[in-house]
Amino acid sequence: MPVNTYPDKIAEAFVHVFGKKPSFIVRAPGRINLIGEHTDYNNGFVLPAAIDKAIYFAIAPRTDRLCKLYAADLDDAYEFAVDKPLKSSKSWANYLIGMVSELGASGHVIDKGFEVAFGGDVPNGAGLSSSAAVESGMGFALSKMFALNVPRLELALTAQRAEHNFAGLQCGIMDMFASIHGQENAVIRLDCRDLSFEYFPFDLSHYKIVLCNSGVKHTLAESAYNTRRLECEEGVAILKEFYPTIESLRDVTLAQVENHRAAMPDNVYRRCRYVTAEIARVVAACEDLQKGDLAAFGQKMYATHEGLSKDYEVSCDELDFLVQQAHQLPVEDVLGSRLMGGGFGGCTISIVKTEGVDRFIESMSLAYANKYQRSLATYVVTITDGVGVVA
């Protein structure tokens with residue numbers, strides 16, 4: 001289904017379920033992250049962008065205190081009282097309930113119920129942060145409808161708390177931040193320590209971003225994500241004995257990690273080695289963008305994947321295979337490739353010459369089918385603005 005039909009589809013679903021027209025429709029994009037993976041919860045830099053795959057919300061207020069939710073893609077419904085936003089056994093509902101709860105906890109008064117239908121084309125489990133898009137869009141819609149005027153940064157932090165407290169994933173801020181702050185034709189370098197950010201031009205006039213979905217589903221809350229976070233914290237605790245002023249791996253250099261390798265368990269050393277190298281790599285990659293050197297940027301993507309696979313151990317056979325295949329293609333066709341997102345499945349992200357996109361998809365699909373006997377889903381995405389009302 002072409003993306004531009006989704007606002008209409010969600011509006012129609014709203015009318016069908018609730019018997020009236022919505023007040024307005026909100027678009028909340030998924031995100032890609034070009035470089036800077038697993039650095040966010042280590043107070044490092046990330047380099048995300050919002051994309052043209054999104055979740056759409058059709059919403060209207062009620063006169064009572066009931067909140068009625070409808071997940072159009074699942075054809076499933078849930079309702080709760082606005083003053084009792086409690087966790088549900090329906091996991092999808094918790095992303096929306098969580099936003100109501102966390103906005104209320106921040107002092108934003110939602111004094112009436114509402115009806116909302118939502119759905120879209122952010123593939124679930126592909127590492128494009130469909131959950132963050134749901135939270136960001138829900139928060140933005142509530143802020144607009146009830147005139148809460150929640151600043152964008154506060155919306156992102158609220159969405160992060162909803163993910164922590166209602167979805168059970170101790171994620172960083174990047175996904176929500178990108179969905180809310182995205183800007184067309186630019187990537188955002190977000191400093192996860194102080195949440196300052198800067199836009200860098202990402203000139204895709206001759207290239208496309210192509211995502212290859214391994215088809216391996218991951219549920220990060222049930223995966224090694226939280227374990228990695230603890231391993232990084234263990235590394236910081238050990239390094240703090242040598243450098244008392246440090247607070248996170250952001251404050252540590254790769255050389256310092258190497259100097260104290262013997263003090264750390266091997267797995268903790270490798271986690272710290274990857275994170276400190278990756279934080280430095282994001283800074284260098286932004287210098288490449290300022291020079292317009294996408295080729296150098298692409299090589300750093302390959303280096304990131306190597307670190308994620310060998311040191312951080314969040315890859316899988318399928319993702320490694322896809323990156324290896326991309327690397328074997330002519331360098332003028334493919335500038336760089338790596339796994340994207342939390343890992344353990346999901347997508348690779350590649351920068352591909354526009355006229356080589358069809359060749360790339362054909363070559364990758366054939367190789368994947370031969371190796372794994374299953375088809376490869378691919379998505380060509382563009383960089384767009386962040387969350388907003390659909391005109």
Side-chain angles (χ1 to χ4, degrees), residues 24 26-51 54-55 57 59 85 95-110 122 128-167 169-202 229 247-248 250 279 282-283 286 341 383-390:
F24 56 88
V26 165
R27 171 189 170 273
R31 68 99 187 96
I32 52 174
N33 186 31
L34 274 300
I35 204 162
E37 210 66 80
H38 288 279
T39 49
D40 54 352
Y41 53 83
N42 287 295
N43 284 346
F45 295 106
V46 290
L47 202 66
I51 58 169
I55 306 292
F57 298 78
I59 192 166
Y95 298 107
L96 293 86
I97 300 166
M99 289 306 291
V100 174
S101 176
E102 296 300 334
L103 282 169
S106 302
H108 296 290
V109 179
I110 301 173
V122 182
L128 301 182
S129 294
S130 53
S131 63
V134 171
E135 290 151 346
S136 301
M138 186 76 232
F140 185 89
L142 291 170
S143 176
K144 177 175 170 58
M145 191 165 65
F146 294 110
L148 304 178
N149 300 314
V150 184
R152 285 185 179 246
L153 177 56
E154 187 185 338
L155 265 185
L157 290 165
T158 304
Q160 184 189 24
R161 288 196 301 276
E163 188 93 26
H164 288 187
N165 298 331
F166 279 75
L169 176 62
Q170 299 303 306
C171 65
I173 189 70
M174 173 181 69
D175 298 348
M176 302 80 184
F177 194 95
S179 184
I180 291 168
H181 289 84
Q183 194 174 94
E184 192 176 1
N185 298 324
V187 290
I188 313 162
R189 186 173 75 189
L190 171 64
D191 184 334
C192 297
R193 181 164 59 187
D194 63 11
L195 300 185
S196 61
F197 63 98
E198 190 177 347
Y199 293 101
F200 286 81
F202 204 81
R229 192 166 183 153
E247 293 180 5
S248 68
R250 167 66 179 279
I279 290 171
V282 177
V283 175
C286 288
I383 294 175
T384 66
D385 289 333
V387 66
V389 174
V390 175

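Inter-residue side-chain proximity for Ile383 and Glu184 is flagged as unmet; no heavy-atom pair is nearer than 4.5 Å. Within the 4.5 Å cutoff, side-chain heavy atoms of Glu37 are placed close to those of Met174.
Between Phe177 and His181, the ring-plane angle classifies as parallel under the 30° and 60° cut-offs.
Shortest non-hydrogen contact noted between Val46 and Cys192 is CG2-SG, 3.9 Å. Taking all atoms of both residues into account, the shortest heavy-atom contact from Ala49 to Val187 is CB-CG1, 4.1 Å. Contact record, Val387 with Val26: CG2-CG1, 3.7 Å, taken as the closest heavy-atom pair. Taking every heavy atom of both residues into account, Asn43 and Arg250 meet most closely at O-NH1, 3.0 Å. Residue Ala159 comes nearest to Met99 through the heavy atom pair CA-SD, 3.5 Å, listed as atom of the first residue, atom of the second, then distance. Closest approach of Arg189 to Val283, counting heavy atoms only: NH1-CA, 4.1 Å.
Of the inter-residue distances, the one linking Ile279 atom CD1 with Ile35 atom CD1 reads 12.5 Å to the nearest 0.5 angstrom. Note: Leu103 CG to Ser143 OG = 7.5 Å, rounded to the nearest 0.5 Å. Once rounded to the nearest 0.5 Å, the distance linking CD of Gln160 with CD1 of Ile173 reads 4.0 Å. Between the CG atom of Asp385 and the CD1 atom of Ile51 there is a distance of 13.5 Å, given to the nearest 0.5 Å. With rounding to the nearest 0.5 angstrom, the CD1 atom of Ile188 is 5.0 Å from the OH atom of Tyr199. Here CZ of Phe202 is found 10.5 Å from CG of Asn185. Values are rounded to the nearest 0.5 Å.
Residues passing the side chain to side chain contact (heavy atoms under 4.5 Å, CB included) test with Thr384, sequence neighbours excluded: Arg27, Pro29, Ala50, Asp52, Thr382. Residues passing the side chain to side chain contact (heavy atoms under 4.5 Å, CB included) test with Arg161 are Glu102, Ser106, Leu157, Thr158, Asn165, sequence neighbours excluded.
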request  = Apply the test side-chain contact (heavy atoms from CB on, under 4.5 Å) to residues Phe24 and Ile59: give CA-CA distance (whole Å), side-chain angles for both, the deciding distance (0.1 Å), then the verdict.
outcome  = CA-CA 6 Å; Phe24 56 88; Ile59 192 166; 3.7 Å; yes
Steps toward side-chain contact (heavy atoms from CB on, under 4.5 Å) verdict (Leu34, Ile32) = CA-CA 6 Å; Leu34 274 300; Ile32 52 174; 3.7 Å; yes
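Side chain of Asn33 to main chain of Gly36: a donor-acceptor pair is present (N/O by atom type, distance under 3.5 Å, no hydrogens or angles). Ser179 places no side-chain N or O within donor-acceptor distance of the main-chain N or O of Gly30, the cut-off being under 3.5 Å.
No cation-pi contact links Arg193 to Phe45, judged by a cut-off of 6.0 Å to the six-membered ring centre and 45° from its axis.
Counting non-hydrogen atoms of neighbouring residues, nucleotides and ligands closer than 6.0 angstrom, the CD atom of Glu247 reaches no more than 12 such neighbours.
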Output a table of donor-acceptor pairs, distance under 3.5 Å, between side-chain atoms of residues 131-142 and any protein atom two or more places apart or on a different chain; print 'none' if there are none.
residue: Ser131; atom: OG; partner: Glu163; partner atom: OE1; Å: 3.4
residue: Ser136; atom: OG; partner: Ala132; partner atom: O; Å: 2.7

